[in-house]
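Presented below is the structure to which this report refers.
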Amino acid sequence: MRARLRGLLAALALIAGPAAAGEAPPFIAVVSQQAGILSLVDAEVGRVVDEIRLPRVPAAVAATPDGRRLFVTHPDLGLVTPVDVAARRAGESFTVGKEPFGIAVIDGGRALLVSDWSADALIRIDAATGRQTGRAAIGRSPAGLVVDGRSGRAYVADRESNQVSVVDIATMQRVAIIPTGRAPFALALSPDGRELYVANVQSNDLSIVDTEAMKEVARIRIGLMPYGVAVTADGARIAVTSQQSGKLALLDRATRKIVVEMKVGEYPEGAVIAGDRLIVANWADDSLCIVELLQPTPSCSRRVPVATGPRMMAVIAPARD
Amino acid sequence: MLERLVIALVLLLFPATLPAHGPTPQRADETLAIPATPDTVWKLVSSFGGIGQWHKLVTKVAATGGDAAGAERVLTLEKGEITEGLDEVDAGAKRISYRLLKENADALPVSFYTATIEVKPAGSGSEVAWSARFYRADTSNFPPDNLNDEAAIAAMTDFIKQGLEGLKAKAGGS
């Protein structure tokens with residue numbers, strides 16, 4: 001355990017330089033809901049570096065910008081659990097709302113935003129104490145959320161209201177409602193903040209939202225049950241998983257067309273991009289599929305077994321001393 | 001008393017007033033070897049409205065839209081009706097995907113499910129893989145025993161197992 005810990009720290013130290021220069025680090029945090037496990041995965045070598053036991057049924061995960069801490073939601077327990085990455089230890093969970101689901105880190109890691117599935121709210125909490133510091137009423141069954149630091153806005157997928165709520169973080173007021181396809185679940189933002197991509201689980205498509213105009217400008221047919229979405233660092237490609245089709249689609253941002261479609265596994269859900277690598281969690285396979293995006297024909301070049309029921313993931317940036 | 005009756009009536013008339021779906025999905029996967037050819041089995045599986053001919057838990061089927069994506073079927077089970085929609089038919093891979101459109105926790109204690117059935121060649125016969133991803137019927141944090149995750153898994157697993165057995169009986173030897 002200690003040796004492995006030193007190994008991770010050494011690896012993190014090694015990649016601290018390149019990451020600071022703009023290259024993404026390869027460590028991925030994966031939440032396995034059925035197993036109640038958070039796996040730390042080295043995507044470069046394709047293996048699980050360590051596993052951290054969590055309280056029951058963890059769902060979503062977010063990392064602080066320095067990569068030192070993670071925060072995991074447990075909707076069924078009404079809890080959020082902090083995780084110390086270097087110590088490989090879950091801290092004491094705090095109670096948040098009724099069914100905390102989606103989560104994002106704000107204010108450089110000092111605060112969190114959490115969507116409350118059954119209270120139809122976006123809640124801001126102090127990351128150190130778990131104390132609620134703000135609350136916005138939004139649509140029904142809010143799921144995924146993303147934050148745009150530049151505009152100070154959070155976008156939340158109100159799944160049962162078929163819309164995205166836009167919330168001003170400073171005032172915790174909803175400033176816009178954007179209708180989407182049916183049952184929006186996962187969200188991703190283009191690196192320039194100008195486009196928001198929304199995976200609509202029930203209408204089998206991806207809504208493209210213009211964040212200046214605050215409206216949907218395109219709806220692209222994907223596959224059955226789109227459940228995860230990620231954008232490349234240059235913003236040129238958007239990756240979307242479709243659970244029921246077992247596939248991943250890569251869209252070209254400029255043409256809004258699918259340029260690559262591939263089978264990735266059984267019920268793929270979460271998708272994250274770290275540098276030139278795309279990582280997909282296959283919920284029913286208990287595995288990750290790692291895709292090298294620069295290959296002429298991208299495919300699952302490596303598969304990493306993980307604990308039962310992997311769903312959502314976060315990319316861990318290296319800690320800097 | 002009257003209040004309770006009204007609540008019971010509302011739940012009966014509008015099962016959708018239960019939370020539509022919660023955050024913890026479950027799954028059921030079963031496979032069965034069937035001595036009939038894949039073509040024979042596929043003919044049964046791909047007839048979306050024909051499930052009543054081989055699934056013994058299904059007493060009646062009302063189907064619209066044929067056997068293409070977009071078709072719907074209302075299944076009458078012992079304790080009520082559920083409605084399913086056909087999402088995708090891949091005749092090459094002998095695979096169909098469908099989903100629950102209208103739930104009914106009395107009939108089947110699950111919500112928001114999707115399922116696939118795939119027929120594969122195995123030796124001189126077939127192997128049928130049936131999998132489903134679903135949520136418990138009561139997705140609040142304190143579901144009663146008959147609407148919790150265990151109840152959902154048990155009911156869905158039983159539905160799939162009995163379906164596979166029925167398919168095997170109907171498809172016959174070869």
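Per chain, numbering begins at 1; letters A, B, ... match sequence-line order.
Residues B:Ser97 and A:Met225 are not in side-chain contact: their nearest non-hydrogen atoms beyond the backbone lie 4.5 Å or more apart. Taking 4.5 Å as the limit, some side-chain heavy atom of B:Ser131 sits within range of a side-chain heavy atom of A:Tyr267.
Put simply, CZ on B:Arg136 and CG on A:Asp76 are 4.5 Å apart, with the number rounded to the nearest 0.5 Å. Note that OH of B:Tyr113 is 11.5 Å distant from CD of A:Gln244, once rounded to the nearest 0.5 Å. Of the inter-residue distances, the one linking A:Lys98 atom NZ with B:Ser140 atom OG reads 10.5 Å to the nearest 0.5 angstrom.
Taking a 6.0 Å sphere around NZ of B:Lys102, one finds it holds 12 or fewer heavy atoms contributed by other residues, nucleotides or ligands.
Of the atoms belonging to A:Gln243, it is side-chain heavy atoms, and not backbone ones, that fall under 4.5 Å from chain B.
Remark: the backbone N or O of B:Thr24 is not paired with any side-chain donor or acceptor of A:Gln34 at under 3.5 angstrom. B:Arg27 places a side-chain N or O within 3.5 Å of a backbone atom of A:Trp283 that can act as its donor or acceptor partner. Although no hydrogens or angles enter the test, the distance criterion places a donor-acceptor pair under 3.5 Å between the side chain of B:Asn141 and the main chain of A:Pro75.
Chain B forms the most heavy-atom pairs under 4.5 Å with one residue out of A:Ala284, A:Ser118, A:Ala143, and that residue is A:Ala284. Chain B forms more heavy-atom pairs under 4.5 Å with one residue of A:Leu77, A:Thr73, A:Leu224, A:Val57 than with any other, namely A:Leu224.
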